[in-house]
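Below is one structure; the comments refer to it alone.
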Amino acid sequence: MVAKNLLGKLLTRKFEGKTLIGRIVETEAYLGEDDPASHSFAGQTSRNQVLFGPPGRAYVYFIYGMHYCLNVSCQPAGQAGGVLFRALEPVSGLAEMARLRRLPPGASPRLLTSGPGKLCQALAITRAEHNGINLTNPDSDLHIADDGFRPTRIAATPRIGISKAARLPLRFLVAGSAFVSTTMRP
DNA sequence: GGAGCGATGTCCT
DNA sequence: GGACATCGCTCCG
């Protein structure tokens, strides 16, 4: 379960000489061609080809005309499957994140990255810049780091914001975190 | 605190 | 033409 293992790891973004860091507190798994809710359900297309590529790559897509969402591919080349980053706990570079989110300085950290669209805005993640990059390479502008932290309690809940197969318990979050994407916490 | 809704680009049928 | 893995604003309590 890659989605579960990603919880507690750090997402590091180098941007204009600054380093922005968030700890992953919420993820959602998409299974691939057998999952009706997955972008890869209808087979490989130019949009989702990253999901069919090698694992550890960023799949960034644009949704609802105004938001980006960040996924990481997690199956061998030839198989689809990915994990959506739904929420981060801001760790470093909060002032810069607030600026990118166009929030006043000193806005609540909970507003910065508590949702898939928000975290992309806070880390200046775009499809043009980041789709297809290797998230496991520490030299990437955007990559996943591990500082050894492991959340003590992990909860699984139904997936959010989708209409098909939403009831499968494929959403994972750090239990008790104040930074997950909804007020409905177990 | 929560329900309702509009904004808006890209891709697929 | 319509669906869409969302957000933030408006209303209402």
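All figures in this text were calculated on a predicted structure; none of them were measured in a lab. Letters go in sequence order (proteins before strands), and every chain restarts at 1.
With contacts defined as side-chain heavy-atom distances shorter than 4.5 Å, the pair A:Glu33/A:Phe41 does not qualify. Looking at heavy atoms from C-beta onward, A:Tyr59 lies in side-chain contact with A:Asn131 at the 4.5 angstrom threshold.
Note that CG of A:Asn71 and CG of A:Leu135 are 10.0 Å apart. Values are rounded to the nearest 0.5 Å.
Using a 4.0 Å heavy-atom cutoff across all strands shown, A:Arg159 reaches no nucleic acid atom at all. Across all strands shown, A:Gly65 has heavy atoms under 4.0 Å from base atoms, whether or not it also approaches the sugar-phosphate.
Taking atom CZ of A:Phe41 as the reference point, atom C1' of B:dC12 lies 14 Å away to the nearest angstrom. If you take OH of A:Tyr64 and P of B:dC11, they are 16 Å apart, rounded to a whole angstrom. If you take CG of A:Asn131 and C1' of B:dC11, they are 13 Å apart, rounded to a whole angstrom.
For DNA chain C, the neighbouring residues in residues 99-108 of chain A, judged by any heavy atom under 4.0 Å, are A:Arg101. Contacts between residues 46-60 of chain A and DNA chain C, defined by a heavy-atom separation below 4.0 Å, involve no residue at all.
The backbone N or O of A:Asn134 sits less than 3.5 Å from a side-chain atom of A:Ser140, completing a donor-acceptor pair. Within the 3.5 Å criterion, the main-chain N or O of A:Ile160 finds no donor-acceptor partner in the side chain of A:Arg171. The closest donor-acceptor contact from the side chain of A:Arg13 to the backbone of A:Leu142 lies at 3.5 Å or more, if one exists at all. In terms of modelled atom types and a separation under 3.5 Å, the side chain of A:Ser73 and the main chain of A:Arg57 share a donor-acceptor contact. For the pair A:Glu96 (side chain) and A:Leu20 (backbone), a donor-acceptor distance under 3.5 Å is absent.
Between A:Lys9 and A:Asp146, at least one side-chain nitrogen of the basic residue sits less than 4.0 Å from a carboxylate oxygen of the acidic one, meeting the salt-bridge criterion.
For A:Ser40 and A:Leu111, each mapped to the nucleotide of DNA chain C holding its nearest heavy atom, the one lying further toward the 5' end belongs to A:Ser40. Each of A:Lys164 and A:Gly117 lies near DNA chain C, and the nucleotide nearest A:Lys164 is the one positioned closer to the 5' end.
In this structure, A:Arg159 is positioned above the aromatic face of A:Tyr30, its NZ or CZ under 6.0 Å from the six-membered ring centre and within 45° of the axis.
Base-pairing analysis of DNA chain B finds the following stems of at least three consecutive Watson-Crick or G-U pairs, with both pairing distances under 3.5 Å: B:1-7 with C:6-12, B:9-12 with C:1-4.
Under the 4.5 angstrom side-chain criterion for Ile, Leu, Val, Met, Phe, Trp and Tyr, A:Met66 has no cluster partners at all.
Residues forming a ring-ring contact (aromatic ring centres under 6.0 Å, His included) with A:Phe62 (at least two apart in sequence, or on another chain): A:Tyr68.
Taking every heavy atom of both residues into account, A:Leu112 and A:Arg101 meet most closely at O-NE, 3.0 Å.
Taking the 5' to 3' direction, DNA chain C first and last meets chain A under 4.0 angstrom from a heavy atom at C:dC4 to C:dG8.
Side-chain N/O atoms of A:Thr45 include none lying less than 4.0 angstrom from OP1 or OP2 on B:dC11.
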